[in-house]
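Everything below concerns the one structure shown next.
Each chain gets a letter, A, B and so on, in the order the sequences are listed, and its residues count up from 1.
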Protein chains: 2
Amino acid sequence: MADINVSPAQRRPLSGTAVTGAEPAGREPAYELIELMFFAYRDFVGDPDHVLERYQFGRAHHRVLHFVFRHPEIRVADLLDILKITKQSLARVLKELIDQGFILQKEGQVDRRQRLLAVTDKGKALALELAKLQTERFARAIAQSGTTRDQAVRFLYAMIDPERREDVTRMITQADRALRGKER
Amino acid sequence: MADINVSPAQRRPLSGTAVTGAEPAGREPAYELIELMFFAYRDFVGDPDHVLERYQFGRAHHRVLHFVFRHPEIRVADLLDILKITKQSLARVLKELIDQGFILQKEGQVDRRQRLLAVTDKGKALALELAKLQTERFARAIAQSGTTRDQAVRFLYAMIDPERREDVTRMITQADRALRGKER
DNA sequence: TCGAATATGTCAACATGGCTGACATAAATG
DNA sequence: CATTTATGTCAGCCATGTTGACATATTCGA
């Protein structure tokens with residue numbers, strides 16, 4: 001397989017000990033990992049891009065569709081918080097997703113100021129199609145790299161800013177619960 | 001808090017694995033991995049962003065600086081091939097990097113049509129500073145996730161489109177050789 | 001040696017998806 | 001009832017991608 005990993009001079013702190021950062025001093029730059037991350041992510045988001053062209057959607061649409069799909073009846077403010085964009089940026093792509101019938105808005109029951117967002121059947125179908133593409137890439141990568149799915153999860157999780165990890169965990173588990181509750 | 005980052009035995013599969021009967025596609029969507037990849041990459045590129053603000057540079061500048069640093073005397077055409085952007089897009093950011101003294105151009109020796117690109121000392125310093133930030137994130141992630149560096153490399157490598165992997169491997173090893181040859 | 005191909009640069013226009021600032025509206029809340 | 005909150009919207013700017021057309025210098029092949 002990959003004899004890509006032939007860096008010498010790199011046998012140190014990566015094992016146990018310092019959970020909080022290790023010495024920032026003389027570490028060799030991890031060019032290989034940096035570049036692999038760049039190319040991996042490019043291909044990871046590249047798959048959906050082709051499909052999205054059919055509807056003249058871009059990556060911004062994909063992100064909105066995905067997180068609305070995963071969080072049915074999500075409030076606009078919460079979606080903005082996940083995406084970390086402004087409402088003006090969201091408005092453009094959201095309008096197109098609504099106009100083309102992928103997402104719909106409902107007035108909040110308890111708070112009628114809220115416009116709760118959810119995918120339509122059409123939106124769900126597209127979100128699933130895109131998720132499937134990316135899932136297959138992960139499945140291939142895990143199988144071919146000899147890693148376990150769990151290791152991949154832990155590794156990617158640990159790449160996230162420590163302060164944000166709890167939020168991410170909560171978000172994912174909540175979404176899973178909500179979707180499981182809906183479908184079963 | 002159902003923490004993602006616990007030992008494998010304790011984790012229940014949030015998605016995947018479960019063979020729940022007649023799936024139309026077979027595999028459960030790996031929402032967890034998809035979203036972790038999204039957040040991980042966001043933070044991965046987020047670190048350099050702050051530093052780049054000092055020079056009013058964006059991510060496009062970062063990518064150009066990085067690959068020119070890694071491939072001294074690279075031809076414009078080869079840089080475009082790595083970045084997969086048009087020469088017009090490159091021109092804008094490259095001009096700023098040259099004007100501010102981070103990159104310089106030399107006329108090709110064998111082919112005088114070529115404008116070979118290389119970083120200046122100033123450019124090298126910035127490229128190293130940015131690479132160091134991302135290296136530290138990887139080191140933390142590897143240590144905290146209990147993966148090996150090698151597993152991370154193999155996993156990210158396997159996330160790349162199969163047809164592209166050989167090119168990526170060749171590019172990385174060539175760059176490593178070139179840089180080692182220069183510095184030692 | 002000359003014409004074609006190549007490497008690069010540049011001008012112009014446009015698309016996408018970020019941003020800020022200002023303001024409007026409806027509903028909740030004290 | 002006044003204020004706050006949730007959301008929408010208009011207007012304009014910025015960064016970074018695109019296509020198309022064309023210019024220049026240099027190399028290369030017949």
Mind calculating the distance between CD (E96(B)) and P (dT16(D)) to the nearest angstrom?
8 Å
For a quick check of understanding: with a heavy-atom distance under 4.0 Å over all strands, which category does [X] fall into, base, sugar-phosphate or nothing?
X: R59(A); value: sugar-phosphate
X: V110(A); value: sugar-phosphate
X: R75(A); value: sugar-phosphate
X: K84(A); value: sugar-phosphate
X: Q105(B); value: sugar-phosphate

Below the 4.0 Å mark, does [N] have OP1 or OP2 next to a side-chain nitrogen or oxygen of [X]?
X: H61(A); N: dT16(C); answer: no
X: S89(A); N: dC19(C); answer: yes
X: T86(B); N: dT18(D); answer: yes
X: Q114(A); N: dA28(C); answer: no

Quick one: the side chain of [X] and the base of [N], do they pair up donor-acceptor inside 3.5 Å?
X: R63(A); N: dG17(C); answer: no
X: R113(A); N: dT5(D); answer: yes
X: Q88(A); N: dG21(C); answer: yes

Does a salt bridge link E73(B) with K106(B), judged by any charged N lying under 4.0 Å from a carboxylate O?
yes
What nucleotide among dT8(C), dG8(D), dA28(C) has an atom nearest to a side-chain atom of R115(A)?
dG8(D)
Given the side-chain rings of F38(A) and F44(B), with only the six-membered ring counted for Trp, is the space between their centroids under 6.0 Å?
no
